[in-house]
Structure formats: C-alpha cells, structure tokens
Amino acid sequence: MDILAIETSCDETSAAVVSNGTNIKSMIVSSQIKIHSKFSGVVPELASRSHMENINFVIHQSLSEANIDFNNFSKKIDAVAFTSGPGLAGALLIGTIASKAIASVYKKPLIPVNHLEGHLYSYYINNSSIYPPFLGVIISGGHTEIIIVEKFGKYKTLGITRDDAAGEAFDKAAKILGLSYPGGPIIDEMSKNGDPTLIQFTRPLLKNGWDFSFSGLKTALLNYVKTNQIKSKKHLSDICASFRQAIVETIVFKAFKAAKVFNLKNIVLGGGVSANSLIRKMFINNGNKYEVNIFIPALIHCTDNAAIIGCAAYLKQKKCGLNYNSLQLKSDPSLTLYNW
Ligand code: KG4
Ligand code: ZN
C-alpha cells in the first residue's frame, strides 16, 4: 500500500510517499523556522500563507523523488493521507484542501490522520514488529500526554499537560533567556556544557497523578533571571542544563512509574521533544535498569513531517479500511485522540 501523505498542522509543510507504513520512498519538509523565529513563536497567519506558497512544491518534489508524476500517479499511489488535526486552523486547511483536490482528481481514497497518532506511531517506521500494548509518551510543542495504547487505535489517556507542553516550555524558556526559536534544540545544545545542579527547580506534580504542568517552571526561570544577572556563557549553559533536567526528569519519572503501575514492558516516545539528547539517554538508561523496552523514533521523524502521517495512515486503514465520511474528512484544530 503506497500512500501520499501531507502534513501542514503547524509550521512545517511536508509531503511523503510511504510504502506499507515503513518504507519511506520520499519525504520533503519545508520548514518555516526562519519566518517565525523573528517572533519567537509560530504566527498562525504567516504559517497559513507559507503553507500556501510551499504546498505544491513539496508535493511535486516528494512524488518526483519517488519516481511518480501525474501520469503514473493513478498506478503508483493507493491512497492520500492528510493531517486532519489538531493544529492551527488555517494551516490544517491548506493540507486538507490539497489532499482532497488530489484525491478527487485521481479518484483515490482519503485517509484522515490525527497528528498525535503520527507522533505516537512514528516508532513503527523502524520497529514494525512492535505492537501494542505499550505506554505511549507524546512530547511535542503542543502536547504532553502519556497514554496506554491497548491496541492500534485503542487508547486510555492517563495524563496530559494542564498548561504548557514540554516543547512549549523549552521555547518560552529560550525566549526568556534571549535564545532563538525553536528553543528546545538550542537549550539542549547549550545544556551539554552546563551544570544541571545550579538551580534546583521543583519537579512539578511529581507525586500527584499522571498530569503534567510546566508553566510554573517557566515562571521560576523568569524569577531567577530577574534576580540573577547572566554572567557568562557558562552561567547560561548551567541555567539551560538545570531547566532541561527538571523537564526531562519529570517526564521520565512519570513514564516509568506508569509502566510499573500498569505492568507495561514497552514504552514508545514520539514528538519533537523526543529528539532531546538527555531524554533519549535517560529513557534508555532507565529502560535497561528497570527492564522496560524503549522505542524512540529516529531523529528525523521526531519533529513534524509527512512520513509519520503516512505511517499512521497505513496502520489506521489496516483496521478501519478506506471509507471515511465527510465528518471525518474535515480538519479539526482541537481534535483529541479518539478510538477507532
Ligand atoms: O512535534 P513537533 O515538531 O511539533 C508539534 O507537534 O508541536 O515539536 C516541536 C517542538 C518544539 O517545541 C521544539 O522546541 C521541540 O519540539 N524540540 C525539542 C528538541 N527538538 C525539538 N525540545 C527539546 N530538545 C530538543 N532537542
Ligand atoms: Zn507534531
């Protein structure tokens, strides 16, 4: 099953051709980082305009890299998948409309994909023998969720963030520290030469349930920099390392506790923050210590891209088939995880 997948939920315009959920024949990502970095965050209207400008290019390029053109499209592509939500309303519409247009011209079935499932199942691209049940940990710019995945498409959400998502906390912290956008990779890099014990940030909601809350950390950081002038590059690295440590330890602690309480032997990570070098290291080390298998997507599949949407679409159609009604085939900015 070869799927042309399209992703436009936030600030990456992406198209990919994915065969059987695992073989990425092509993946093109046009990033808008340059546009949004001036504003230290994504500006929705600029995101929509940029998707409009780039969508045709990324689709053509991904088809061309997979040796497909509009003459052999009908023969080579079995379905078109698109991110239906959650995400920015205008941004989602561009991908939805482009997908509908292509599907309608070539009379191909359309598969709507929840962006969260793109992240949740991105591990599958390189680990297609691993099936649920597992503990899913989605950590991105918009979401922080831990979920028991009982089967593909069958979920029990344990905890979500009550305020800022993990990636959002990194991005806002970077802004406070005068670093550029997106803050996650920059703070990660700066932290490598830093002392994580300089500031003892509280580990939020550590002992209380499964939810997360990262906005207090950001306020604590703001208070620290208001009362302590940043003296040197080393000092800045220490601050970054302390902040990163607090976020990562909180996520790792809750995930391993959940795996123990619910007796799950596999933990799967997904989303932009799973690219964080400390989170990758701590999950793997703890996995060895507590005998839990850890599956983390390749770095290139952590942040938003259409290949993960093509992978999730493949898994979805295996169970649900290829007929979706018009209510399912619309974009929904506040879509949550739902069972199928
Ligand atoms: O999954 P993603 O591309 O978009 C959403 O679905 O939100 O995640 C983007 C987020 C940004 O907040 C970015 O700062 C964060 O992922 N991120 C990281 C790292 N790389 C990206 N956060 C921490 N460490 C990283 N290395
Ligand atoms: Zn994402």
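All values below come from the heavy atoms of this structure, side chains included, with hydrogens, waters and symmetry mates left out.
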Please verify the inter-ring angle class for [X] with [Y]; under 30° counts as parallel, over 60° as perpendicular, anything in between as tilted.
X: Tyr131; Y: Tyr124; value: perpendicular
X: Tyr123; Y: Phe295; value: tilted
X: His235; Y: Tyr224; value: perpendicular

Does the side chain of [X] pick up a donor-acceptor pair with the side chain of [Y] at under 3.5 Å?
X: Asp164; Y: Ser215; value: no
X: Thr8; Y: His51; value: no
X: Glu7; Y: Ser9; value: yes
X: Ser277; Y: Asp188; value: yes
X: Trp340; Y: Glu117; value: yes
X: Gln317; Y: Tyr324; value: no
X: Ser213; Y: Asp163; value: yes

[X] side chain near [Y] side chain, heavy-atom distance below 4.5 Å:
X: Leu337; Y: Ile147; result: yes
X: Val248; Y: Lys281; result: no
X: Phe212; Y: Leu205; result: no
X: Val149; Y: Leu135; result: no
X: Phe262; Y: Leu158; result: yes
X: Ile251; Y: Ile279; result: yes

Between [X] and [Y] (salt bridge meaning N to carboxylate O under 4.0 Å), is one present in this structure?
X: Asp238; Y: Lys234; value: yes
X: Lys172; Y: Glu168; value: yes
X: Lys108; Y: Asp78; value: no
X: Lys25; Y: Asp2; value: yes

Does [X], at its [atom1] atom, have more than 12 non-hydrogen atoms belonging to other residues, nucleotides or ligands within less than 6.0 Å?
X: Lys192; atom1: NZ; result: yes
X: Asn323; atom1: CG; result: no
X: Ile300; atom1: CD1; result: no
X: Lys100; atom1: NZ; result: yes
X: Lys319; atom1: NZ; result: yes
X: Met52; atom1: CE; result: no

Contact list for residues 93-122, test ring pair (Phe, Tyr, Trp, His ring centres under 6.0 Å), sequence neighbours left out: Phe70-Tyr106, Phe73-Tyr106, His115-His119, Tyr121-Phe152
Would His143 and Leu116 satisfy side-chain contact (heavy atoms from CB on, under 4.5 Å), going step by step from the backbone distance to the final call? CA-CA 8 Å; His143 294 84; Leu116 295 172; 3.4 Å; yes
Does Thr197 have any side-chain contact (heavy atoms from CB on, under 4.5 Å) partners at least two apart in sequence or in another chain, and if so, which? Asp195, Gln200
Which residues pass the side-chain contact (heavy atoms from CB on, under 4.5 Å) test with Gln61, sequence neighbours left out? Ile28, Phe57, Glu65
side-chain hydrogen bond (donor to acceptor under 3.5 Å, both in side chains) contacts touching residues 253-266 (sequence neighbours left out): Asn266-Asn293
Distance col, row Leu335:CG vs Lys330:NZ, nearest 0.5 angstrom, shows 8.0 Å
Any chance you could measure Ile35, atom CD1, to Ser50, atom OG, to the nearest 0.5 Å? 3.5 Å
Can you see which heavy atom on [X] is nearest to which on [Y], and at what distance?
X: Phe214; Y: Pro204; value: CD2-CG, 4.3 Å
X: Leu217; Y: Ala246; value: CD2-CB, 3.9 Å
X: Ile24; Y: Ala307; value: CD1-CB, 3.7 Å

For Glu291, give me all partners under salt bridge (charged side-chain N to carboxylate O under 4.0 Å, His left out), at least two apart in sequence or on another chain. none
Any donor-acceptor pair under 3.5 Å linking the side chain of Arg203 with the backbone of Glu249? no
Identify, with sequence neighbours excluded, every residue that meets ring pair (Phe, Tyr, Trp, His ring centres under 6.0 Å) alongside Phe201. Phe243
The single option from Leu4, Ile102, Asn72 that satisfies side-chain contact (heavy atoms from CB on, under 4.5 Å) with Ile77 is Leu4
